[in-house]
Number of protein chains: 2
Amino acid sequence: MLKKERQELIIHEVNLHNKVLVADLSAKISVSEDTVRRDLIELSDEGRLVKVHGGAISNSFRNSYKHTDVYSLDQKKVIAQKAVSVIRDGMLVFTTGGTTLLEMLRILPRSLRATFVTVSIQGAFELMQHPHIEVILIGGKLSHSSQIVVGGEAIHRIRKFNADLAFLGVNAIDTERGITDNDYEVTLIKQAIIESSAQVVALSIAEKLNTVQKIQVCPPEGYQTLITELPPGHPLLQPYHNKNKTIV
Amino acid sequence: MLKKERQELIIHEVNLHNKVLVADLSAKISVSEDTVRRDLIELSDEGRLVKVHGGAISNSFRNSYKHTDVYSLDQKKVIAQKAVSVIRDGMLVFTTGGTTLLEMLRILPRSLRATFVTVSIQGAFELMQHPHIEVILIGGKLSHSSQIVVGGEAIHRIRKFNADLAFLGVNAIDTERGITDNDYEVTLIKQAIIESSAQVVALSIAEKLNTVQKIQVCPPEGYQTLITELPPGHPLLQPYHNKNKTIV
DNA sequence: AAAAATCCGGCAGAAACCTGCAAGAATTAT
DNA sequence: ATAATTCTTGCAGGTTTCTGCCGGATTTTT
């Protein structure tokens with residue numbers, strides 16, 4: 001069998017089954033695993049599939065995420081960068097939804113080894129791109145408005161965890177009223193997450209500081225750390241320093 | 001034999017078999033391999049075939065596979081169309097992962113009012129785009145290789161449902177060995193889904209018919225309906241008719 | 001932390017390739 | 001018709017490519 005022919009067969013097989021194992025291909029076309037591996041490397045270089053440990057996966061399988069325009073993206077990137085610095089290998093981390101959170105998940109270092117628990121499908125999707133991160137999805141009814149899982153079943157599941165860290169994308173935050181939101185179901189979920197985490201990190205763009213929404217997620221003492229795009233010494237953050245918050 | 005004549009013969013061979021080996025041609029027309037090689041180079045320069053190490057392949061060879069890539073998207077659309085016709089308002093429907101399934105979810109009519117339960121994050125994402133569909137996500141650990149939720153917790157959850165319908169994207173299907181797959185975790189999930197559904201619909205492109213993978217998902221009697229891109233009367237489907245499957 | 005699977009780089013034999021050359025065939029010029 | 005020229009073909013040799021194997025490094029899994 002011609003080399004080219006073999007490679008086309010591999011491509012075909014990958015597109016058909018979304019993934020292939022080196023050992024299977026080796027058996028199927030009767031060549032050594034080394035040869036298959038070399039073929040996969042070549043095909044991968046040509047961008048026709050994605051090589052992974054032990055085999056390869058179709059790239060149509062992987063590339064379906066679209067980077068939608070997000071409001072004030074640059075600020076969110078700064079926040080994301082700071083947030084990443086709080087995470088350590090081996091941690092169990094909760095995350096909620098929200099574009100700032102997604103931005104953060106996207107830039108997590110490839111080498112990070114941690115377990116993430118999330119209620120956000122997009123969040124889960126981003127996390128899946130990272131090879132060494134274990135992703136646990138909370139099940140339940142999906143809310144169309146917030147794109148996250150909500151409901152009693154979800155809350156019950158969340159309560160089972162004792163996370164090291166929770167990242168909360170906030171809608172409004174204020175020194176007096178704490179974190180507030182305007183979607184009742186979402187507040188319930190966030191409350192459950194807060195209660196199940198040792199440390200709660202609130203992520204907020206400066207614009208949301210000192211704003212209040214209709215429903216309280218947690219009082220001012222409900223979270224310990226605040227991350228914004230502003231430098232920690234910025235005057236706007238002084239009131240939070242006064243409340244003994246860790247400002248990153 | 002004239003040079004021209006010989007080259008036409010080579011072209012004929014290539015078009016007939018899609019590939020030729022230098023050694024074969026040399027033997028067949030009783031000229032040295034060098035001559036064949038030189039002919040192949042000339043023909044390749046003229047663009048009448050593609051020379052590769054060891055022989056040559058027909059122009060349409062690379063194309064034919066590429067064709068099937070695009071083509072198979074069309075096939076999936078046909079399957080999706082048929083699958084949609086099986087769903088009725090008010091149904092509780094299970095879906096697994098797989099690109100064919102995603103294609104189907106994408107084209108669901110906007111007016112459909114039903115509840116979908118899924119283990120696929122991409123599937124959930126697609127379903128979220130439909131305003132009147134309630135989406136329930138099964139929670140659990142996400143498998144990197146298959147992009148769906150797996151594990152005992154997920155299976156336990158799945159068992160709680162009594163769905164009207166399950167759409168199963170299959171990896172391999174055969175009249176004797178039933179539906180098979182090559183990822184153990186995935187087979188467990190699919191089995192749970194099958195057991196929790198009144199009617200099981202298998203979605204498969206024709207190319208996967210009569211193929212077998214390593215682990216059985218269910219025996220031939222485990223599903224009731226088969227949907228492919230072929231018309232229901234196609235001879236390839238006759239064996240499935242004989243097994244009393246509903247062919248759409 | 002150990003055990004298993006996978007990967008990587010180098011090696012070696014075989015097969016395929018290329019280059020130059022020379023003899024014969026075909027074509028053209030005289 | 002003959003000589004000169006060009007084409008074609010096979011061969012010899014040296015080079016490159018392909019492939020399987022092996023040992024050690026790396027990654028994954030238990």
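Given the structure is predicted, the values throughout are model-derived calculations rather than measurements.
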* First encountered from the 5' end of DNA chain C, between A:Ala23 and B:Asp34 -> A:Ala23
* To do: Side-chain contact test, heavy atoms from C-beta onward, threshold under 4.5 Å: evaluate it for A:Leu21 versus A:Leu25 and give yes or no.
  => no
* Asked: Given the rule in the side-chain hydrogen bond (donor to acceptor under 3.5 Å, both in side chains) test, do B:Asn171 and B:Thr180 qualify, once you have shown the distances and angles that lead to the verdict?
  -> CA-CA 7 Å; B:Asn171 233 323; B:Thr180 49; over 6 Å; no
* To do: Nearest-nucleotide wise, let me know which of A:Ser32 and B:Arg38 is further upstream toward the 5' end of DNA chain D.
  => B:Arg38
* Asked: Where the side chain of B:Thr35 meets the backbone of B:Val31, is there a donor-acceptor pair that is under 3.5 Å apart?
  -> no
* Backbone of A:Thr228 reached by a side-chain donor or acceptor of A:Lys82 within 3.5 Å -> yes
* Asked: Looking at A:His132, does any N or O in its side chain come under 4.0 Å of the phosphate oxygens OP1/OP2 on D:dT28?
  -> yes
* Gap between atoms CD1 and P, on A:Ile133 and D:dT28 respectively (whole Å) -> 13 Å
* Structure fact -> Between CD1 of A:Ile29 and P of D:dC18 the distance, given in whole Å, is 15 Å
* Asked: When the distance from CG of B:Asp39 to P of D:dT8 is rounded to whole Å, what number comes out?
  -> 10 Å
* **Pair B:Lys19-B:Ser58, side-chain donor/acceptor within less than 3.5 Å** => no
* Structure fact -> Between CD of A:Glu42 and P of C:dC7 the distance, given in whole Å, is 16 Å
* When we call it a touch if two heavy atoms are under 4.0 Å apart, what does A:Lys51 touch: a base, just sugar-phosphate, or nothing? -> sugar-phosphate
* Out of C:dC7, D:dT17, D:dG10, which nucleotide sits closest to the side chain of A:Val22? -> C:dC7
* Structure fact -> To the nearest angstrom, the CZ-P distance between B:Arg6 and D:dT9 comes to 4 Å
* Asked: Quick one: does A:Ile57's side chain get under 4.5 Å of A:Val14's, heavy atoms only?
  -> no
* Contact under 4.0 Å: B:Thr35 side-chain N or O vs D:dT9 OP1/OP2 -> no
* Separation of B:Lys19 atom NZ from C:dA16 atom P, in whole Å? -> 12 Å
* To do: Return the angle between end axes of the helix from C:dA1-D:dT30 to C:dT30-D:dA1, with five pairs used per end and rounding to 10°.
  => 40°
* **Rounded interatomic separation in angstrom, taking CD from B:Glu33 and P from C:dT19** => 17 Å
* For B:Ile41, answer base if it contacts any base atom (sugar-phosphate contacts may also be present), sugar-phosphate if it contacts only those atoms, and nothing otherwise; contact means non-hydrogen atoms under 4.0 Å. => sugar-phosphate
* Asked: Base, sugar-phosphate alone, or nothing: which one does B:Val52 contact when heavy atoms must sit under 4.0 Å apart?
  -> sugar-phosphate
* Asked: Does a salt bridge link B:Glu153 with B:Arg157, judged by any charged N lying under 4.0 Å from a carboxylate O?
  -> yes
* **Length of the NZ-P vector between B:Lys3 and D:dT9, whole Å** => 7 Å
* If you check every side-chain atom of A:Arg37, which of C:dT19, C:dG9, C:dT6 has the closest atom? -> C:dT6
